[in-house]
Each structure stands twice: as C-alpha cells, then as structure tokens.
Amino acid sequence: MNKNIREILIAEEPLKKRIREMGAEITRDYNGKELLIIGILKGAVYFMTELTQAIDLPTKIDFIRVSSYGSGTNSSGDVKISFDTTKNISGKDVLLLDDVVDTGLTLNAVKGLFVERNVNSIKIATMLDKKERRLVKMLPDYSGFIIPDEFVVGFGLDYDEQYRTLPYIGILKPEVYGK
Ligand code: IMP
Ligand code: MG
C-alpha cells in the first residue's frame, strides 16, 4: 500500500464489481438509445473506462474539463471550463460522469450548462457520493458508493495531482495535506 494512505476504503475488486453493475443498470435504462457519455477530466477517467466497457449500447465518449479545487481540499464554488466537449451535444442523450460528488457545485454547474445547450436528456453518474457535504441540491441518477466525509484518493481521484493511478479508493493520511 502507498505510504501516504491511511486505509483502503474500497478495494479494487469490489469497486470494479460495483461499476460493472452500474453499467448493466444503465444498459437496461437506455435500451434502444444511443448514449453520449461525457467525463469530467481528469478525475472521471478511470471510472469512465470501467463503466463504458460494461455498457452494452451504441456509445460515444467525450470530455470536459472544469476547475474548482486548485490544490487544496475544499471547493471554491467557482467553476471554470478549461476544455470543452469536442462535438455539438444538442439533441443528445447525455450521461455526465464524475469521480465524486462532494458539495455538488461542479456537477450542478456542468449540468446547467448542458441543459442550456439543449440536450435531449441528461443524467449523472458518479463513482462516489459524499452525501453529507452537499451545498446545493444534487442527486446523482447513478451512484457507486456513498462514502463518509474523508478526503479520498485513487482510481482517478487526486490530491495535488498525485495518487490518481492507485487501483483502489484510499483515505489519505491527514498529515499529507496538513490537517
Ligand atoms: P464538488 O463540486 O464539491 O461536488 O466537487 C467535486 C470535485 O471535487 C470532484 O470532481 C473532485 O475532483 C473533487 N473532490 C471532492 N472530494 C474529493 C476527495 O475526497 N478527493 C479528491 N478529490 C475530491
Ligand atoms: Mg479533482
């Protein structure tokens, strides 16, 4: 285990198993439709590769990058697009993916933006949900695991751009971010 990880919250196998279940559920719900799956960079990338491979539908993928966190552990609420989707999304059935819903500000802002772009439908899938941290109303349509209010890393989640490549979700030692 990485020396800066206090404990493994979700190990690789249960994590991947749950993501595959989510894929099966999405496949059933969107039966007969074509999906446009948009991942929020960079955190959603690992979740996105697992999930999309478990979805048995005609699917296209795209990405958007927004920034709100900087290098700290608290959301500023200020969401800025630094990389936009590459294709026109109007009229599409969009599934928006993120690694974790925390305050809800990021997904709320991106969802609002996509609604303005006249998508046919928009749903949200998140790998993790820190329910108790919510500042705005944001109920994901698909959620992998509800987790406690701890700063977690791995499987795409970072602290100051590190730890994204860990194959599990781990709780970072608080001394690492000076808490
Ligand atoms: P929100 O806008 O507060 O919901 O924050 C969502 C974004 O904050 C996610 O896309 C993550 O990048 C980041 N984030 C929230 N909690 C954590 C965490 O525990 N570890 C790493 N990143 C986090
Ligand atoms: Mg992040």
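Any value given below was found using the heavy atoms of this structure, including those in side chains, with hydrogens, waters and symmetry copies removed. As the structure lists them, so they are numbered: ligands from 1, and atoms in each ligand from 1.
Between Val101 and ligand 1, no pair of N/O atoms sits closer than 3.5 Å. Note: no N/O pair closer than 3.5 Å links Phe151 and ligand 1 by distance alone.
Shown in contact with Val100 at under 4.0 Å from a heavy atom are these atoms of ligand 1, numbered in order with element: 6 (C), 9 (C), 11 (C), 14 (N), 15 (C), 16 (N), 17 (C), 23 (C). Atoms of ligand 1 lying under 4.0 Å from any heavy atom of Thr106, numbered from 1 in the order shown and given with element: 1 (P), 2 (O), 5 (O), 6 (C). Per-residue contacts place Thr103 under 4.0 angstrom from the following atoms of ligand 1 (heavy atoms of the residue considered): 1 (P), 2 (O), 3 (O), 4 (O). If you number the atoms of ligand 1 from 1 as listed, the ones under 4.0 Å from a heavy atom of Lys130 come out as 16 (N), 17 (C), 18 (C), 19 (O). Ligand 1 places these atoms under 4.0 Å from at least one heavy atom of Leu105: 2 (O), 4 (O).
In this structure the side chain of Ile19 reaches within 4.5 angstrom of the side chain of Phe47, judged on heavy atoms.
Under the 3.5 Å distance criterion, with hydrogens and angles disregarded, no donor-acceptor pair is assigned to the side chains of Asp62 and Thr85. With 3.5 Å as the limit, one finds a donor-acceptor pair spanning the side chains of Tyr163 and Asn4.
Checking side-chain atoms of Asp141 against main-chain N and O of Ile124 turns up a donor-acceptor pair under 3.5 Å.
A ring-centre distance under 6.0 Å is not found for Phe83 and Phe63.
Applying the salt bridge (Lys or Arg N to Asp or Glu O under 4.0 Å) test to residues at least two apart or on different chains, the pairs with a partner in residues 113-129 are Asp84-Arg117, Asp129-Arg134. Residue pairs meeting the side chain to side chain donor-acceptor pair (under 3.5 Å) criterion with at least one partner in residues 28-45, sequence neighbours excluded, are Asp29-Tyr142, Lys42-Glu161.
One distance of note links CD1 of Ile55 with CD of Glu50; it measures 11.5 Å at 0.5 Å rounding.
Judged by the shortest distance from any of its heavy atoms, Asp99 lies inside the 4.0 Å radius around the atoms of ligand 1. Residue contacts with ligand 1 include Asp158, since one or more of its heavy atoms lies under 4.0 Å from the ligand. Taking a 4.0 Å cut-off on heavy atoms, Arg134 fails to register as neighbouring ligand 1. Ligand 1 is never approached by Gly43 to a heavy-atom distance shorter than 4.0 Å. At a 4.0 Å cut-off, at least one heavy atom of Glu150 sits close enough to ligand 1 to count as contact.
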Before you tell me yes or no, could you show the steps for Val136 and Leu105 under side chain to side chain contact (heavy atoms under 4.5 Å, CB included), namely the whole-Å CA-CA distance, both residues' side-chain angles and the distance that decides it to 0.1 Å? CA-CA 6 Å; Val136 291; Leu105 290 164; 3.9 Å; yes

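With a heavy-atom cut-off of 4.0 Å, Asp98 touches ligand 1 through its side chain alone. With a 4.0 Å heavy-atom cut-off, ligand 1 is reached by the side chain of Leu157 but not by its N, CA, C or O.
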